[in-house]
Participant: 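To start, I am sharing the structure in question, which I have written as structure tokens.
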4 protein chains.
Amino acid sequence: MPREVRERQMLDAAVAAFARNGYQAASMDDIAEAAGVSKPLVYLYLKSKEELFMACVRREVGALVAAVREGTRERGAAADQQLWNGLTAFFAHTAARPDGVAVLHRARTQGEPFVREIAAMRAELAALVTSLLGQAARDAGCDSAPAEREVSGLAQALVGAAESLAEWANILAKETPSSAPSAQETAATLMNLCWSGLQNRMKGERWLPTLGVH
Amino acid sequence: MPREVRERQMLDAAVAAFARNGYQAASMDDIAEAAGVSKPLVYLYLKSKEELFMACVRREVGALVAAVREGTRERGAAADQQLWNGLTAFFAHTAARPDGVAVLHRARTQGEPFVREIAAMRAELAALVTSLLGQAARDAGCDSAPAEREVSGLAQALVGAAESLAEWANILAKETPSSAPSAQETAATLMNLCWSGLQNRMKGERWLPTLGVH
Amino acid sequence: MPREVRERQMLDAAVAAFARNGYQAASMDDIAEAAGVSKPLVYLYLKSKEELFMACVRREVGALVAAVREGTRERGAAADQQLWNGLTAFFAHTAARPDGVAVLHRARTQGEPFVREIAAMRAELAALVTSLLGQAARDAGCDSAPAEREVSGLAQALVGAAESLAEWANILAKETPSSAPSAQETAATLMNLCWSGLQNRMKGERWLPTLGVH
Amino acid sequence: MPREVRERQMLDAAVAAFARNGYQAASMDDIAEAAGVSKPLVYLYLKSKEELFMACVRREVGALVAAVREGTRERGAAADQQLWNGLTAFFAHTAARPDGVAVLHRARTQGEPFVREIAAMRAELAALVTSLLGQAARDAGCDSAPAEREVSGLAQALVGAAESLAEWANILAKETPSSAPSAQETAATLMNLCWSGLQNRMKGERWLPTLGVH
DNA sequence: GATGAATGAGATTTCATTCAT
DNA sequence: AATGAATGAAATCTCATTCAT
């Protein structure tokens with residue numbers, strides 16, 4: 001059996017194990033057995049548990065980012081449509097690969113190298129959002145963009161909200177598979193929450209304590 | 001030394017250890033040493049690693065919820081002011097007790113009992129938000145409340161956004177302590193992102209694909 | 001509360017614990033709690049776990065031997081009647097104090113000092129039997145007593161049979177308390193098994209391979 | 001080194017350790033060291049301390065029963081000869097494998113599963129004895145067999161007597177190896193004690209208090 | 001006379017990792 | 001290319017025992 005195939009099997013088994021049990025609790029024994037190979041072979045191909053986990057993380061990061069990029073490909077549309085497309089692609093992906101998403105979630109709490117990898121992914125997603133927001137500002141004929149840090153905060157909040165909704169949708173799907181929310185529905189919920197605010201903010205309006213939106 | 005004091009020391013040490021290393025990687029040896037006691041005493045007082053972790057989680061859940069409740073005490077104010085107060089209290093607390101928040105974050109991936117505890121906390125916070133939204137709807141003279149599931153999704157997204165922002169603010173604070181965003185500033189960012197959308201939604205307006213807000 | 005009473009409570013608790021769990025598995029914590037006192041007090045009175053166990057053993061040995069002696073007090077009777085009386089007393093005692101007997105049983109596998117204590121008890125019981133056998137030989141007008149080692153072996157076998165029957169009776173009593181064999185019945189079973197053989201042997205007859213009894 | 005061989009080494013070491021120190025006091029460290037392997041290997045092959053002990057028990061039960069069965073193979077002989085053959089085989093085995101017997105003895109006080117295993121062994125041996133008694137009754141032209149419970153008690157007493165004699169013989173052998181009783185001699189002692197009584201009982205005679213044998 | 005507080009030592013068990021073939 | 005055999009290190013947890021009061 002060619003190396004590539006074997007390696008994919010191992011990564012599949014590892015992603016499932018890490019998703020279910022977390023980095024520490026998933027054992028190399030279990031992973032090797034689930035992959036249908038002997039433990040020394042796992043070490044021959046993937047070097048160590050840490051590198052194996054890193055390989056999983058990188059694969060899943062790539063798949064998620066590619067899915068979102070694919071969703072926002074169509075360039076001519078309005079900014080909100082593009083954002084909605086991206087979110088739909090995001091939720092469709094998280095619904096299709098719950099284990100992959102779980103691995104990314106776990107990676108955020110597994111020390112330096114993994115945190116960096118996830119941060120890079122977030123930055124990439126945030127950049128996508130930011131460029132859409134810039135387009136929205138231009139569309140609205142307004143260039144009083146908020147300070148970089150505020151944009152960064154908004155993107156961070158958006159990504160957090162999306163992740164939280166993805167987890168929530170996955171839990172609902174596991175509980176009652178028939179009536180789980182679709183990716184479109186979840187994306188619409190998030191658009192309802194944030195698009196109006198983002199648009200206002202891009203137009204220079206802002207919410208202030210004791211005053212409300214201005 | 002009286003039992004109460006020792007127990008608090010242990011919980012403090014445990015929260016720090018769990019926050020830094022996660023549930024599995026934090027060892028009882030380390031926790032006992034950090035607390036300045038022997039391992040058997042930890043077991044005598046807290047029964048097991050799992051119960052120790054649970055005690056940490058419960059303490060931090062209690063502290064966080066109490067802080068937010070305290071922030072939203074003032075009853076007469078407008079809904080957005082109250083939400084802002086609650087968010088400010090939330091971010092002030094997460095900034096003041098980063099380890100506690102980290103423990104809650106870890107608990108979400110540590111199996112049934114902890115997941116349940118966190119879910120209960122989220123439900124409590126979401127109920128606060130929901131009641132504010134109801135008030136906002138009444139203030140706006142409109143009672144066409146969205147379906148329960150959508151409200152649930154909105155609250156989930158809001159909590160996720162808040163957690164994500166809190167983490168982001170804590171990272172900034174660790175990198176450049178001098179220029180970290182204040183709790184008020186972070187709360188304002190989140191209000192900017194979501195209040196307008198929430199208000200619209202409560203008035204019966206909604207964002208729809210290909211149409212924008214209606 | 002006077003020391004004697006406290007000490008008896010401790011021994012009672014210890015006998016129950018050792019009977020149920022064995023020497024190693026019974027913990028001083030459990031014993032102290034069952035006795036309703038603090039652990040240091042147990043150490044103050046009984047010195048150590050080993051001495052506590054030894055105290056239990058000695059108390060139960062004394063009680064068992066006293067019961068059997070009491071049963072064989074009546075001097076004028078025939079040897080078989082006296083043996084039967086002794087066995088009845090033995091089985092009545094083991095039925096009345098199952099925990100005490102269990103402790104003695106456990107003591108046989110707990111190293112030198114305890115083994116010695118039990119061996120001494122067996123020797124005492126064997127001496128009783130031996131003296132009855134001597135009387136039986138004289139009653140039968142025959143003094144060709146078997147060699148000392150053979151008598152020792154016979155006594156050993158008798159005691160082993162009695163212990164085994166006692167355990168068996170206790171198990172039956174625990175399973176179906178209503179229809180448990182009485183001490184008299186059990187003693188009769190053992191008499192049926194051994195008295196005829198003992199009597200023969202005292203008369204100089206013996207069973208030989210290929211020949212049967214002669 | 002092949003797994004089978006290693007596993008036998010481990011069982012040998014474990015039997016020796018359990019025989020000497022008992023289940024609780026024998027440590028896995030000691031067993032592994034005595035077997036010449038590392039602790040993890042013991043766990044890899046035998047799963048846990050409890051399963052290791054069970055494996056020892058089963059092996060020794062099998063060996064003992066096989067030895068006794070082998071001893072009573074010759075079918076044509078008289079009942080007493082067959083019983084004597086079986087007892088001789090029993091005492092030869094207990095003399096040859098004292099540790100194995102000690103393990104069986106320990107197993108009787110180590111909780112449910114082990115007690116059950118030993119009870120099954122006793123039942124098997126008792127069945128052998130019972131069938132011989134039946135043959136003896138037929139040989140004596142008499143079928144007034146005693147009630148089942150009495151037979152059960154007699155068998156129990158016989159097994160207890162045999163075990164007790166085996167232990168006694170082993171102690172003598174350890175003290176003065178030169179003059180230890182042979183298996184034949186010990187078997188004869190037990191036959192002298194019990195055969196006459198068994199035979200009488202099978203003929204319908206019985207010992208009764210105040211009356212003697214009738 | 002009695003106890004709450006505390007611990008050193010050691011138990012079972014698991015895991016990531018490596019040879020020798 | 002692949003594996004059966006093996007282990008050092010460290011995890012959680014328990015227990016007999018002692019102070020200081």
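Numbers restart at 1 for each chain; the letters A, B, ... are given by sequence-line order, proteins then strands. All values derive from a computational prediction rather than experimental measurement.
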Participant: Among dT3(F), dT12(F), dC15(F), find the nucleotide with the atom closest to the side chain of Asp29(B).
Facilitator: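 Of all the options, the side chain of Asp29(B) is nearest to dT12(F).
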Participant: If you walk 5' to 3' along DNA chain E, what is the first nucleotide with an atom under 4.0 Å of a heavy atom in chain C, and what is the last?
Facilitator: dA2(E) to dA6(E)
Participant: For DNA chain E, whose closest nucleotide is more 5', that of Met28(D) or that of Leu41(B)?
Facilitator: Leu41(B)
Participant: Is it true that Glu112(D) and Arg116(D) have a side-chain N and a carboxylate O under 4.0 angstrom from each other?
Facilitator: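 The answer is yes: the pair qualifies as a salt bridge.
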Participant: Could you check how far CD of Gln24(D) sits from C1' of dT14(F), rounded to whole Å?
Facilitator: 12 Å
Participant: What is the nucleic acid contact for Ala32(D), judged by heavy atoms within less than 4.0 Å: base, sugar-phosphate only, or nothing?
Facilitator: nothing
Participant: Is any side-chain heavy atom of Ile31(B) closer than 4.5 Å to one of Leu52(B)?
Facilitator: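 Result yes, sub-4.5 Å side-chain heavy-atom pair found.
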Participant: Checking all strands, does Ala25(C) fall into the base, sugar-phosphate, or nothing category for heavy-atom contacts under 4.0 angstrom?
Facilitator: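 No contact at all - Ala25(C) keeps every heavy atom at 4.0 Å or more from the nucleic acid.
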Participant: Between Asp30(C) and Ser38(D), name the one whose nearest nucleotide on DNA chain F is closer to the 5' end.
Facilitator: Ser38(D)
Participant: Does Arg6(D) put a side-chain nitrogen or oxygen below 4.0 Å from OP1 or OP2 of dG4(F)?
Facilitator: no
Participant: Between the two end axes of the helix from dA2(E)-dT21(F) to dT21(E)-dA2(F), each built from 5 base pairs, what angle do you get to the nearest 10°?
Facilitator: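 One end axis against the other gives 30°.
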Participant: Which pairs with one or both residues in residues 44-60 of chain C pass side-chain hydrogen bond (donor to acceptor under 3.5 Å, both in side chains), sequence neighbours excluded?
Facilitator: Asp12(C)-Arg59(C), Arg58(C)-Glu117(C), Glu60(C)-Arg97(C)
Participant: More 5' along DNA chain F: Lys49(C) or Lys49(B), using each one's nearest nucleotide?
Facilitator: Lys49(B)
Participant: By nearest nucleotide on DNA chain E, pick out whichever of Arg3(B) and Lys39(B) is the more 5' one.
Facilitator: Arg3(B)
